[in-house]
Every structure is written in C-alpha cells, then in structure tokens.
2 protein chains.
Amino acid sequence: MPRPTASGHHGRVTANRTRRPTIVDVAAHAGVSKSLVSLALRGDDGVGAATRDRILRSAAELGYRLNAQARALVQGRTGQIGVVVTDLRNPYHAEVALGVEEAAESEGLGTFLANGRRDPARLAAHVEAMIGHNVEGLVVVSSRVDPDILAAAADRLPVVVVGRPETRTPGVDSVANDDAAGAGLAAEHLIALGHKDIAYATASNRPAARSRLLGYETALAAAGLRPRVHRLPDAHRRDAVDALLDSGATAVMANNDVLAVECLGRAHERGLAVPERLALTGYDDTELAARAWPRLTSVDQHRPLLGATALALLASRLGGRTEDRHEIIPPTLVPRASTVP
Amino acid sequence: MPRPTASGHHGRVTANRTRRPTIVDVAAHAGVSKSLVSLALRGDDGVGAATRDRILRSAAELGYRLNAQARALVQGRTGQIGVVVTDLRNPYHAEVALGVEEAAESEGLGTFLANGRRDPARLAAHVEAMIGHNVEGLVVVSSRVDPDILAAAADRLPVVVVGRPETRTPGVDSVANDDAAGAGLAAEHLIALGHKDIAYATASNRPAARSRLLGYETALAAAGLRPRVHRLPDAHRRDAVDALLDSGATAVMANNDVLAVECLGRAHERGLAVPERLALTGYDDTELAARAWPRLTSVDQHRPLLGATALALLASRLGGRTEDRHEIIPPTLVPRASTVP
DNA sequence: GTGAAAGCGCTAACAC
DNA sequence: GTGTTAGCGCTTTCAC
C-alpha cells in the first residue's frame, strides 16, 4: 500500500484536515532519523542541543502530537487507570471519582472515566472495555457489578470496589464507609438531644442500608430505646411518609439525604416545625443537605477520601501486594439546624 | 529480547497474574495461524465452523481479550469520542455528558470522559490527552477552554463546545441553550402572575448570565416594567441577599437554582412567605429545584438534548460537513410552587 | 551523536 | 479454507 503523499499543507484554522503527522514526518522535516526524534521529544540527553531545537521546532510546525496508543503498545503500559461508576448524575459517585482522579494525578497516572447509567450490563461492558484499553488498574464505584466480572477482571489487573457489594470477591480489594458507625453517630446525636422516639426510614435493603439500620438499632438498644423502622418504597412514598410523620416519632433518621429532604418538605406542608416538633437527619452530606431549609444534619462519608483510598489500594497492588485488603473509612456527623435549633 | 516463557498457568482467582495472552497464544493453543484467530474472533465467515469453535474455546480458556490499542493502531480508528467537562460534581455537566454518551452509544461509538475540575490548565491538558488517545471527535462541555486550544484541536478532529464560551472559535461547532429565551419565559411567567416589581439576581457576568439578563430586561421592557439587577457576589452573599429581600421586589429571578435556593432559605429565616410575599424562580431545573420547599419554579435547558445535539454535530462533521454550525436549544419553563401558590 | 533494525498486538492483502 | 507477510507509530537496543 503506497503511503499517501504528504501534502505540504498544514493550516491551523482550516477544515481541510491533513493526515496526522508522525515522528517520521517530523524526522523528514528536520532531516534526522525517527529514533532521534523520539529521543528528542522525550528530552533524552544524548541529543545535541541544536539538533533537539530543530526537531522540536519541526514538531511544533507540523502540529505533531504523540500517539499515546502507539507508545503504549511498545512500552507495554498506558499509565492510565479506569474508573467505572454506577451513575454520574449522582454527585456521590462523581465525588468519589474526583478523589480517585486527584490521587491518580499525583501518582502520574491518567484516568479514564466510564458511566454505567445504572445498567448492570453496561457496567460490565465498561469493565471489559477498560481492560481492552489496557488500563493498569480499575476502580469500580458501584455495588452492582457481577462478582464473576470482577473476578475475571482481577485476574488481569488490580481491581478495587468502592461501596458495599452484596458479596466480597476474592482478589478484589474494597473501600467502604463505615455505615454502622455513621448511623450510630446520628442516633447518638439525637439521643443526646433528648429524643426518646426515634424512627428509621429507608427505601433500600441493600448492604449499605442494612449496615446503617444495624448501627441505628445498636445505638438505640444501648440507650434502652425501642427501634422503629419505616420502609418508604418508591411507590406510595407520599402515604408512607405521612404514616411516618403520624407515628408520633419526635425524630427521624433517613437512610439518605434525598429521603430526608422529602420528609422535610412534607413536614413543612403539614406545618410540623423542624426541628422543634420533628428532628431529621440524612446521610451522605450532599449539596441537598447543605441547602435545604432548615439545613439538614447529615453524615459525611468523605467521598473524596474513599476515592483516594481506592487509588492507594491500587497503587499498593501495583507495587506487588497480593493479599486482599478491605478498608473502612470512618464517617463524620455534620450537625445542622434540622436537629439543633 | 527473548520472549518471556509463557507459563501454562492461567488460574482465574489467583493473584499470580500471567502475561496477557495475545492472538499468537490463542493461535498456538488452537493450532492455527494468528490471522485465522483474528478472523474467527471477529466472526468473519471464511473460517470453518469447527475451526472457529476451537479457536473461540481456546480464547475463552486462556482468558484472551482483544487489545483495543493494537487494533486501533492498525485500523487507524478507535471508535471512541472524547468528552471533556468543566466539573462533574455539577450535575449539569454530568447530564450533558450523559446525553452525549447515549447518542454516541447508539452510533456505535465509545466515550472517554475527562473531568477538568474547574482548572483551565487541566481542561486544556485533557483536550490534548484526548487527541493523544486518538478519539475521533471531541465534545467540550465547558466555556473555559482557551480558543487557541480549541482551534488547534479542531485542526485535527471535529470539536463541538456545549455552552457559551466568551468567543466563538472558527472551525468549532457549538450547542447552547437559548438563555435569553429562557429568562424571558421566567419573566413572562411572573408578569402574567401580576408581579410589577421583579428583580434579577446573578453572581456571574459570563456570557450565559449576560444573555439571561438580556432576556429578562427585554421581557420587562415589553411589559413596561422597570428592571432591577442585583449582583450577589460570593463574598458578602448574605448581605446582598438581605438587600435584595429588603428591596421591595415581589418576585426574584435568580440566574441559577443554587442562588434561588439560597434566597429561598433566607426568606424562610426572615419569615417571608413564598410565593405569597415573594415569588422566586431559578434556572437549570436541577434536583435542588425539584426538592426545595416550596418546590422551585425553574427553566429546563434540556441537558441531555444539549449533549445529544453535540454528538449529532460531531457525527455530521465526521460525515464530511465543513461549515461551522451553532445550535440553539429552546428551554422550557417548569412552573412550581415557588411562584404559583 | 546519530542511524538502522526489531518488535509491541493486531488487521488486511494476498498467496497457497 | 488457511497461512504468510507487511505495516500501523512508537521505543529501544545496538552499531557506527
């Protein structure tokens, strides 16, 4: 196949795009061999200063850009890690990803981000695609990826899951917030404020929700109080919230901020003063909590730290660790006006 | 360099990772040539059924995965597009990206996502990195990328900006919400409700904010009302909001939902009934608006559509279009309880 | 200092 | 049907 004749044209603001220049083009332009170009571009000394300048000038003039894939192919490494998240619309995931990115950046690693959009099949496909793109490690910010997929991935590269999957996968590290402790903090906070009738509201029954429930029950038991759990399913949410508000509880711990804010809105509509008649706590410390009125007491899982920890686990695997690790990050209570008048 | 001896081991749940198998390994395992493996894996007919089965079985057994980079190198295309956003923590960006992704997926294109974290230098670096990874098109969900960077990128591949940059860059397509129309909708809504004293609140003076202001002023002028603009800088926000609430306005249009929710909270604190004493509108129709109390009237820019439109522009450039296009998406008013009792 | 040559994993043209 | 070969853009010995 004859090589397409390189046109002399290389306009900057032209729709007339030319073939992407390679080091061979730069070499020809500068009148040297292609290996010299490679060395010069990477700043290797062992290239004369004059030659190097000439090469760099040629590269700039031609608009040369390194082809990362070609380099990765020969070097056998890409310097990239993959981050696959359940749903980027959820700021929780976005902030964990942020933590991963920042930590990766300071390790000199790039990040490919993929969004599963809540579809397990798509999540699995993204995991596979990441491996296909030769990432050097994978952070899965999701509790919905099939363990088989994770195991297969972990057979090729370090994999760490952020969150609480239904089961742990051998060979896969994990990082999670200490849900039981977080719920305990919120419960103890309410108990300390003198509440005797504290209800727990959740829409989910997944591992994280179960752990939080456990923390709630433990704290109440320790104070000799009776736990009371309300399921708030997506359907009939309104009725379930009303039932909760009518239950006589003076405080409600919600499994997350969205649920809490929903209860808050309904309390307003029914004229229930918050926190005087009803104290409310959320979980996650999202923007929603910080901007609700009254501002919502919540539990901060330290999302960026979750992400940074995930990257640290990846790094230590890359450094040779072989035994599995499961990190638990202690959360923090953020008291606000929804509990403290 | 002698090739590392391929160990026979290929355990699934072992930390003992082996060299990644290539088509050569699969070929050896199946007792055929590597080209036959390549054909079989891509489902080319011209491979006997029995042979193909044997090859596929070998591939599965070895845990073979296609090396996307190697394929891209030889094919000259990656089938990937790049999406670079200002800040993924902002759900606006996340949802635009979502729209791009979905549209790309249905075109058979994969997506690399990169997060600029509000840093123009990092945004620029991501744009460059995307080109290095040989994406076939680039969507920049940001109004902060230097025009020179965009121009240089557009010289190599199709580039479309979502949002309102300070200046348009020749060779770069764009998609934006019709800010003036959106602000007009909100203003007309308030005017129709009988408000005579409508203030406009903004913290920004960037192009999008300026367009919204223009739409506001135009609508008020048409109704013979006097416009009144309040700047709410990040510093002294509280005082500025108080001044706004004390100004005698019966309605406030905020430049975005965050600002609106801030005014809303302060109104609650000062006992101003919303919407009876003060009507409020936001912009963006974020989750914040939908969950505030009372629920906030806002303007929906149709974020996923912005993203999908960006991808359509990319696709038509890839199809050969050379003249620039600038799409404007009409927004929609979402009336809620913060204006309508 | 500089250049020639081999090879990363894959595809595609062409022979057998 | 099947195998051989060249080559994508780059890095990396190894000679000169």
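Protein chains get the first letters and strands the later ones, always in sequence-line order, with residue 1 at the start of each.
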Engineer: If we fit an axis to the first five pairs and another to the last five of the helix from C:dG1-D:dC16 to C:dC16-D:dG1, what angle do they make, to the nearest 10°?
Structural biologist: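 Taking the rotation axis at each end, their angle is 50°.
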Engineer: Considering every strand and a 4.0 Å limit on heavy-atom distances, what is the contact class for A:Gly48: base, sugar-phosphate, or nothing?
Structural biologist: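 The residue A:Gly48 makes sugar-phosphate contact but no base contact.
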Engineer: Please collect all ring-ring contact (aromatic ring centres under 6.0 Å, His included) contacts where either partner lies in residues 115-163 of chain B, sequence neighbours excluded, each pair once.
Structural biologist: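 Residue pairs passing ring-ring contact (aromatic ring centres under 6.0 Å, His included), neighbours aside: A:Phe112-B:His133.
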Engineer: Would you call A:Glu95-B:Arg89 a salt bridge at under 4.0 Å N-O?
Structural biologist: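 Judged by the 4.0 Å cut-off on N to carboxylate O distance, A:Glu95 and B:Arg89 do not form a salt bridge.
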Engineer: Hey, which of A:Arg122, A:Arg144, A:Arg118 is the one that makes salt bridge (charged side-chain N to carboxylate O under 4.0 Å, His left out) with A:Asp87?
Structural biologist: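 The option that passes is A:Arg118.
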Engineer: Is A:Glu105 salt-bridged to B:Arg117, going by a charged N under 4.0 Å from an acidic O?
Structural biologist: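 Salt bridge present between A:Glu105 and B:Arg117.
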Engineer: Do the side chain of B:Asp173 and the main chain of B:Arg325 share a donor and acceptor less than 3.5 angstrom apart?
Structural biologist: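 Indeed, once roles are kept as given, a pair shorter than 3.5 Å links the two residues.
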Engineer: Just compare C:dG9, C:dG3, C:dT2 and give me whichever is closest to any side-chain atom of A:Leu73.
Structural biologist: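 The listed nucleotide nearest to A:Leu73's side chain is C:dG9.
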Engineer: Quick one: do the B:Arg54 and B:Ser58 side chains pair a donor with an acceptor below 3.5 Å?
Structural biologist: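 The criterion, which ignores hydrogens and geometry beyond distance, is not satisfied for B:Ser58 and B:Arg54.
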Engineer: With a 4.5 Å heavy-atom cut-off, do B:His93 and B:Asn115 have their side chains touching?
Structural biologist: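 The answer is no, as the side chains (C-beta and beyond) never meet within the 4.5 Å cut-off.
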Engineer: Send over the distance from A:Ile55 CD1 to C:dT2 P, rounded to a whole Å.
Structural biologist: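 Atom-to-atom, A:Ile55 to C:dT2, this comes out as 8 Å.
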Engineer: How about A:Ser316 and A:Arg321: does a side-chain donor come under 3.5 Å of a side-chain acceptor?
Structural biologist: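 A donor-acceptor contact under 3.5 Å links the two side chains.
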Engineer: Going 5' to 3' through nucleotides 10-16 of chain D, assign each nucleotide B (protein heavy atom under 4.0 Å from a base atom), S (under 4.0 Å only from sugar-phosphate atoms) or - (no protein heavy atom that close).
Structural biologist: BBB----
